[in-house]
Amino acid sequence: MIGSPAALDVRGLSARYGTRVVLRDVDLCIEPGEIFGLLGPNGAGKTSLVRAICGRLAPTHGTIAVAGRRDVRRAPRSIGLAPQEIALYPALTIRENLEVFGRLSGLTKKETNLAIEEACESADLVDRLGQRVEHLSGGFKRRVNIVAAILHRPALLILDEPTVGVDVDARIALDRIIQTLARRGMGVLLITHDLHQAEVLCARVGFLLNGRLAPQGPPRTLLEATFAGQDEIIVELAQMLSVDQTTNLQQMGFVATNSGQSWHLIGNRSLDHLAGDLKRAGIAPREMRFRKPGLDSLFLRLLLQHCGTAQKGAA
Ligand SMILES: Nc1ncnc2c1ncn2[C@@H]1O[C@H](COP(=O)(O)OP(=O)(O)OP(=O)(O)O)[C@@H](O)[C@H]1O
């Protein structure tokens with residue numbers, strides 16, 4: 001892959017719907033064989049970025065190249081897109097579905113059959129080709145959804161929430177398939193709300209907030225730069241807090257997630273010391289634990305910073 005152009009090279013991309021700016025000066029490069037995790041809250045602009053990459057939203061500024069080509073609409077075979085909604089024909093078998101998608105991608109019948117064998121080998125679907133999609137589990141439907149997107153061997157595979165709604169075993173199987181595809185040289189843009197999946201799978205991740213893609217980098221590097229070896233203390237509650245107790249927790253530096261049942265604090269503090277502070281505030285935790293901060297901790301911090309900036313901007 002040395003010498004191959006980047007699977008995706010986005011530079012200074014801005015885009016808008018009418019007067020509403022949705023992407024702001026986005027830089028994003030994905031090398032062949034690299035899995036990049038695109039993270040961000042609802043409405044951040046992830047779908048708009050995918051639409052721009054696929055040539056369906058015109059940039060106001062900046063450039064997009066897929067596998068070295070700037071005119072993506074003339075090179076649709078360079079991109080494979082597996083949408084979040086399963087886009088398959090339920091009454092057809094896996095093979096029949098894939099034959100339709102192969103032909104739609106512009107492959108001949110012979111090329112389609114070859115591609116089906118090869119892609120189904122990677123996704124461990126060979127023994128199931130005769131099964132009707134409506135009889136498959138959610139995890140297997142998601143596998144077929146991915147295979148349908150790669151029959152034409154795209155340089156860039158875009159996966160929009162590929163593991164949403166599947167159980168843990170199926171998720172692990174899907175993660176392996178994604179890794180296999182990357183090892184074969186595809187650049188993968190993985191859009192996910194599953195921050196644990198992103199941490200395990202992605203060489204680099206980027207946070208999209210209000211149309212800006214920053215920060216981005218390897219998960220470990222981002223976490224080290226933000227938290228510098230500090231611990232995260234998580235306090236789980238089983239009680240409703242009074243206004244005073246909530247204020248107390250916030251003054252100790254805790255922030256709430258999970259509808260106020262889970263409180264998080266970053267810092268090197270002793271559990272005994274904290275337990276004393278909580279007791280004095282009349283708070284009896286169901287559980288207290290330490291862990292190393294993960295991408296979910298970083299996501300929470302970025303969201304709080306973003307909300308703070310947005311509130312200051314509005315004031
Ligand atoms: N066709 C459109 N016209 C006008 N505004 C739009 C259009 N599509 C999306 N938007 C707005 O652009 C912003 C970004 O939307 P987008 O769908 O790209 O976000 P997203 O990160 O994909 O969200 P989600 O995770 O909910 O899918 C949102 O505020 C959305 O309301």
Side-chain angles (χ1 to χ4, degrees), residues 8-30 35-64 66 72-73 79-87 138 141-142 145-146 149 156-166 171 174 178 187-199 201-202 204-217 219 222 257-259 294-314:
L8 176 67
D9 191 1
V10 173
R11 294 189 192 197
L13 174 71
S14 297
R16 61 183 188 217
Y17 297 106
T19 55
R20 179 172 194 153
V21 178
V22 283
L23 296 172
R24 298 162 200 269
D25 200 15
V26 169
D27 289 324
L28 169 59
C29 186
I30 304 178
I35 305 174
F36 184 97
L38 179 62
L39 315 173
N42 296 124
K46 302 180 294 295
T47 308
S48 303
L49 178 55
V50 170
R51 294 191 69 216
I53 293 167
C54 296
R56 290 169 188 276
L57 174 62
T60 45
H61 294 284
T63 59
I64 302 167
V66 178
V72 179
R73 294 196 89 151
I79 299 179
L81 172 62
Q84 188 181 139
E85 303 299 329
I86 303 271
K141 282 184 188 149
R142 295 241 157 236
N145 206 39
I146 294 176
L156 175 69
L157 172 62
I158 302 173
L159 298 171
D160 192 355
E161 292 279 349
T163 52
V164 80
V166 301
R171 205 198 69 204
L174 284 162
I178 296 167
V188 179
L189 177 60
L190 172 68
I191 301 171
T192 183
H193 287 283
D194 181 342
L195 298 166
H196 178 69
Q197 181 192 36
E199 206 165 327
L201 217 52
C202 299
R204 289 184 304 127
V205 296
F207 290 87
L208 193 64
L209 285 162
N210 196 24
R212 282 189 205 285
L213 187 60
Q216 55 173 297
L222 294 180
T257 60
N258 193 16
S259 316
L295 284 181
D296 54 341
S297 324
L298 179 53
F299 192 49
L300 182 62
R301 171 156 306 189
L302 292 169
L303 274 182
L304 289 170
Q305 281 169 356
H306 174 67
C307 291
T309 316
Q311 272 168 10
K312 268 189 211 145

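Position 1 is the first residue of the sequence; numbering continues from there. Each ligand, and each atom within it, is numbered from 1 in the order the structure gives. As the structure is a computational prediction, the values presented were derived from the model and not from experiment.
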**Message:** Return the CG to CZ distance between Asp25 and Arg212, rounded to the nearest 0.5 Å.
**Reply:** 7.0 Å
**Request:** List for me each residue that meets salt bridge (charged side-chain N to carboxylate O under 4.0 Å, His left out) alongside Asp194, sequence neighbours excluded, and say none if there are none.
**Result:** Arg171
**Prompt:** Quick check: are there more than 12 heavy atoms from other residues, nucleotides or ligands sitting under 6.0 Å from CZ of Arg16?
**Reply:** no
**Message:** Show the atoms of ligand 1 that are less than 4.0 angstrom away from any heavy atom in Pro41.
**Reply:** 21 (O)
**Request:** Output the list of atoms in ligand 1 that are nearer than 4.0 Å to some heavy atom of Val22, sorted by atom number.
**Result:** 12 (O), 13 (C)
**Request:** Return the residue, atom name and 0.1 Å-rounded distance of the protein heavy atom closest to atom 23 (O) of ligand 1.
**Result:** Gly43 N, 2.7 Å
**Prompt:** Would a distance-only check, ignoring hydrogens and angles, find a side-chain to backbone donor-acceptor pair under 3.5 Å from Arg142 to Gly165?
**Reply:** no
**Prompt:** Can you name the nearest heavy-atom pair linking Ile79 to Ile53, along with the distance?
**Reply:** CD1-O, 3.6 Å
**Request:** Examine distances only and state if a side-chain atom of Asp160 and a backbone atom of Leu81 form a donor-acceptor pair shorter than 3.5 Å.
**Result:** no
**Fill in**
Among non-hydrogen protein atoms, atom 26 (O) of ligand 1 lies closest to Asn42 ND2, 3.1 Å
**Asked** In terms of residue, atom name and distance, what is the protein heavy atom nearest to atom 19 (O) of ligand 1?
**Response** Gly45 N, 3.2 Å
**Message:** What protein heavy atom lies closest to atom 17 (O) of ligand 1? Include the residue and the distance to one decimal.
**Reply:** Thr47 CB, 3.6 Å
**Asked** What do you reckon, does Gly40 put a non-hydrogen atom under 4.0 Å from ligand 1?
**Response** no
**Request:** Tell me which protein heavy atom sits closest to atom 25 (O) of ligand 1, plus the residue, atom name and distance to 0.1 Å.
**Result:** Lys46 NZ, 2.9 Å
**Complete:** Scanning both residues in full, the closest heavy-atom pair of Leu159 with Val188 reads CD1-CG1, 3.8 Å
**Prompt:** So which protein heavy atom does atom 5 (N) of ligand 1 come closest to, and at what separation?
**Reply:** Tyr17 CD1, 3.5 Å
**Prompt:** What protein heavy atom sits nearest atom 18 (O) of ligand 1, and how far away is it?
**Reply:** Ser48 OG, 2.6 Å
**Contact atoms of ligand 1, heavy-atom distance to Arg20 under 4.0 Å** = 29 (O)
**Asked** Purely on distance, is any nitrogen or oxygen of Arg51 under 3.5 Å from one on ligand 1?
**Response** no
**Non-hydrogen atoms of Ala82 and Ala149 that approach each other most closely** = N-CB, 3.9 Å
**Message:** Can you give me the closest heavy-atom contact between Leu23 and Gly45, atom names plus distance?
**Reply:** CD2-O, 3.7 Å
**Prompt:** Can a protein heavy atom be found under 4.0 Å away from atom 9 (C) of ligand 1?
**Reply:** yes
